[in-house]
J.: 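Once you've had a glance at the structure underneath, I'll fire off some questions.
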Amino acid sequence: MKNLLILGAGTAGTMMANHLVSKLPKSEWQITIVDQHKTHYYQPGFLFLPFDIYTEDQVKKDGKKYIPKGVNYIQQGIELIRPENNAVDLANGEELQYDILIIATGSNIAPEEVEGMNGPKWQENIFDFYTYDGAVALRNKLREWEGGRLVVHVTEMPIKCPVAPLEFAFLADTYFKKKGMRDKVDITYVTPLGGAFTTPRASKAFDHLLEEKNIKEVTDFNIERVDYENNKIIDYAEVEVPYDLLVTVPTNMGNAVIERSGMGDDLNFVPTHKATLQSKEHENIFAIGDATNVPTSKAGSVAHFEAEILTDNIVRYVKGEALKEEFDGHANCFVETGNGKALLIDFNYEHQPVEGTFPLPGIGPMKLLRESRANHWGKMAFKWVYWNMLLKAVPIPFVSATMNEKGKKLEEVS
Amino acid sequence: MKKAIANKEIDVNEEGYLLDFSQWNKEVGESLAEENGISMTDKHWEVIAYLQEKHHKEEALSIRGIKKSGVINIKEFYALFPGGPLKKSTLIAGIPKPKSCI
């Protein structure tokens, strides 16, 4: 019997278990998946928790429910990966041997990377919303907050879901308007990038939206430290931005087990071949989702597209065939823009987000890079799609793993 | 588009970044620095050489990377290339503006 081991039962790992269970012959392969957590979180929902749009129950479920029958599920921490022995040590001392390893250990926030961020004011007037705890704590704060300077801040790239902080700023505008206190809140968006987003076309659309919603923008801000005593963030060029409430996206880093195992880059992301998803160091190790260093967004949609291609490649690898170099960096993200509207972006390694229609060329119903209510309902429906189709690896109609270039006004990434 | 830099016809993109590193030399770098109000010193060139080396090894450039470069710390980097040090230094180095990922 051969062993295929998946580390991490988040979005990417769970999808891989569901894809592979029907692809690898059961008489020859045992699939095992390991995760330290019992709960599977719907991470896109963390954006909505602080604004009381979603409740706690809507964003978490028992992870085991989503692991298919026939896959061995171990709820346990991961201590070390030992590629030279094809083995993984678990926190309880158990050793697992593998023939093929899939790393899907994701990324986490690392607020300790910036001086003063994770200090005495953490979750007092400095919050994150990238963790369940952080999003709930922020919700409780917002419920009673009486207004002042709200600073929405991105520490450094890359981050999971790079549009989320923008969406947070847009939703905050709507939230305070609804509470009748928008005039008491001054919102500033602070980013290390030169504009609101990583690519110029989308950046322009977002800059416009920020202005329309009276959200100030501070760009090219590389934070040096948080002066939590005087409530301001300071960058290397000595620029200071004062806040009363700081909502930050801390540095995102790969799981500590990657660092312990000496398998990551500066940020603990696994060097991964960007078209095949094979590890650059070990031919029987593959990586998927936020855990990789491939130069595209860290997003559930990316993990979803990657999963289809990685599944094919695992099957090829098992048969001794050449891997297909097919992953194109495809990402597809709904962007909540407040007031019940959203816009949608679709892009890959080569093409920056463009205008057009999705998923059907020329028809839609959703419009790319333009605000609409249909896009918002797409985003809301996505929670159902996530739990019922995406995790279970049920194909989503009309949405292909590689980007469809039809019906789009394409522009190359410069 | 074409641009005359240090008496040479150089291919640049709309933001002024060189499209072909083989067209770069020290005079080109010097001239681009001047346009950005920077007068180059040995320390500047040391940083430029480091950036070019990283770029040729296809390693991503970031502020975090500068911290670990051993060549310069971030404060000094800001002092040498004021107002967007990574953007200005890569422009002078004749390499693409860092994408800082997507």
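Values below: all heavy atoms of this structure, side chains included; hydrogens, waters and symmetry mates excluded. The model shown is predicted, which means the values in this text are computed figures rather than measured ones. Chain letters run A, B, ... following the sequence lines, proteins first, then strands; residues in each count from 1.
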J.: To the closest 0.5 Å, what do you measure between CZ (Arg64(B)) and CG (Asp265(A))?
T.: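 These two atoms lie 9.5 Å from each other.
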J.: Should we count CD of Glu112(A) as having more than 12 external heavy atoms under 6.0 Å?
T.: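 Yes, the 6.0 Å shell around CD holds more than 12 heavy atoms from other groups.
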J.: Within a radius of less than 6.0 Å around CG of Asn7(B), do more than 12 heavy atoms belonging to other residues, nucleotides or ligands occur?
T.: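 Not buried by this count: 12 neighbours or fewer within 6.0 Å.
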J.: Could you state the interatomic distance from CD1 (Ile223(A)) to CD1 (Ile63(B)), rounded to the nearest 0.5 Å?
T.: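 Spacing of CD1 (Ile223(A)) from CD1 (Ile63(B)) equals 13.0 Å.
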J.: So, taking the atom named OG in Ser62(B) and the one named CG in Leu267(A), what distance separates them when rounded to the nearest 0.5 Å?
T.: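 Nearest 0.5 Å value for the OG-CG distance: 7.0 Å.
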J.: So for atom CD, which belongs to Glu35(B), do other residues, nucleotides or ligands contribute more than 12 heavy atoms lying within a distance under 6.0 Å?
T.: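 Yes, enclosed.
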J.: In this structure, are over 12 heavy atoms from other groups packed under 6.0 Å from Glu281(A) atom CD?
T.: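 Count not over threshold, so no.
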J.: Can you tell me how far apart OH (Tyr78(B)) and CG (Asp235(A)) are? Round to the nearest 0.5 Å.
T.: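 Here the rounded value is 5.0 Å.
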J.: Say you draw a straight line from NZ of Lys67(B) to OH of Tyr236(A); how long is it, rounded to the nearest 0.5 Å?
T.: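 If we round to the nearest 0.5 Å, Lys67(B):NZ and Tyr236(A):OH are 4.5 Å apart.
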J.: For the NZ atom on Lys204(A), are there more than 12 heavy atoms of other groups (residues, nucleotides or ligands in this structure) within a distance under 6.0 Å?
T.: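 No, not enclosed.
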J.: Count the heavy atoms of every other residue, nucleotide or ligand shown that sit under 6.0 Å from CG of Asn230(A), and state whether that count exceeds 12.
T.: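 Yes, CG of Asn230(A) has more than 12 neighbouring heavy atoms, counting only those of other groups under 6.0 Å.
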J.: On a heavy-atom basis, which atom in Asp220(A) and which in Lys87(B) lie closest, and how many Å separate them?
T.: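 Between these two residues, the closest heavy atoms are OD1-NZ, 2.8 Å.
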J.: Does any backbone or side-chain atom of Thr251(A) lie under 4.5 Å from a heavy atom of chain B? Answer side chain, backbone, both or neither.
T.: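 The side chain, not the backbone.
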